[in-house]
Amino acid sequence: MIIAVTGTPGTGKTGVARELARLYGYKYVNLNRTAEKEGLVTGVDPERHSKIIDTDRLGELLVPDDSVVDGHLSHFVLADIIVVLRTRPDILERRLKKRKWSRKKIGENLEAEILGTCSSEAFESGEKVLEFDTSKGSGKKAAKTIKGLIDNNEDTEDIDWLEKYEKMLIR
Ligand SMILES: Nc1ncnc2c1ncn2[C@@H]1O[C@H](COP(=O)(O)OP(=O)(O)OP(=O)(O)O)[C@@H](O)[C@H]1O
Ligand SMILES: [Mg+2]
């Protein structure tokens with residue numbers, strides 16, 4: 001089984017993906033690093049100081065079976081399950097403010113979380129999607145709960161911050 005762990009930066013992908021890999025005895029795959037190795041980084045965004053990754057080609061990327069793929073673009077990789085981590089925008093803002101990022105970059109990422117960009121892209125893939133709220137708790141606990149959901153083939157309720165946090169978009 002291939003599990004993709006996606007979500008806006010700061011939603012806790014790395015901790016959750018590492019613990020999920022440990023619990024299943026799967027390989028942990030850092031997608032940014034793999035994309036770099038496979039030549040899928042096509043440039044650098046001068047404004048955002050972030051790598052530009054060819055998302056079309058991520059769909060052809062060969063990921064080993066029995067792995068957990070960590071990355072905010074992992075929903076473009078062929079997977080059996082996409083786990084989308086979601087964090088309440090006000091809490092995510094606190095996490096992102098601890099990074100040495102520009103206000104603009106923080107704002108863009110908060111906007112993506114409020115609009116649910118990763119989730120919509122994940123749902124467009126047609127693969128099974130589990131949305132999970134990582135506003136509280138820890139990555140370890142989250143991974144344990146997520147494993148339970150996967151093993152019992154349970155569904156999660158969709159998460160939508162837009163109605164309650166729309167105000168944060170126009171600041
Ligand atoms: N329930 C939770 N699940 C996961 N992380 C949580 C949770 N609650 C709090 N956190 C904390 O949130 C932070 C999120 O981690 P991090 O910023 O590495 O996320 P990320 O999604 O891997 O980001 P990036 O895309 O930049 O790699 C960590 O400090 C983690 O301890
Ligand atoms: Mg990470």
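As the structure lists them, so they are numbered: ligands from 1, and atoms in each ligand from 1.
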Check: Would you call the rings of Trp161 and Tyr165 parallel, tilted or perpendicular, where under 30° means parallel and over 60° means perpendicular?
Finding: perpendicular
Note to self: Tell me whether atom 15 (O) of ligand 1 lies less than 4.0 Å from at least one protein heavy-atom position.
What the structure shows: yes
Check: Does ligand 1 have an atom that lies less than 4.0 angstrom from a heavy atom of Gly15?
Finding: no
Checklist line | Residue pair Glu131 / Ser119, side-chain donor-acceptor N/O under 3.5 Å | finding: yes
Margin query: Heavy-atom contact check, 4.0 Å cutoff: does Gly10 meet ligand 1?
Written below: yes
Note to self: Does the protein place a non-hydrogen atom closer than 4.0 angstrom to atom 10 (N) of ligand 1?
What the structure shows: yes
Margin query: Minimum heavy-atom separation for Ser125 and Ile82, please, with both atom names.
Written below: OG-CD1, 3.4 Å
Note to self: One pair to check against side-chain contact (heavy atoms from CB on, under 4.5 Å): Glu166 and Leu169. What are the steps and the verdict?
What the structure shows: CA-CA 5 Å; Glu166 196 185 7; Leu169 288 175; 4.2 Å; yes
Check: Hey, is atom 30 (C) of ligand 1 under 4.0 Å from any protein heavy atom?
Finding: no
Next item on the list: Determine, considering heavy atoms only, which of Arg95, Lys136, Lys141, Arg99 sits nearest to atom 26 (O) of ligand 1.
Entry: Arg99
Notebook entry, point to check: Does the side chain of Ser50 pick up a donor-acceptor pair with the side chain of Asp45 at under 3.5 Å?
Noted result: no
Next item on the list: Please work out whether any backbone atom (N, CA, C, O) or any side-chain heavy atom from C-beta onward of Ser138 is under 4.0 Å from ligand 1, and answer side chain, backbone, both or neither.
Entry: backbone
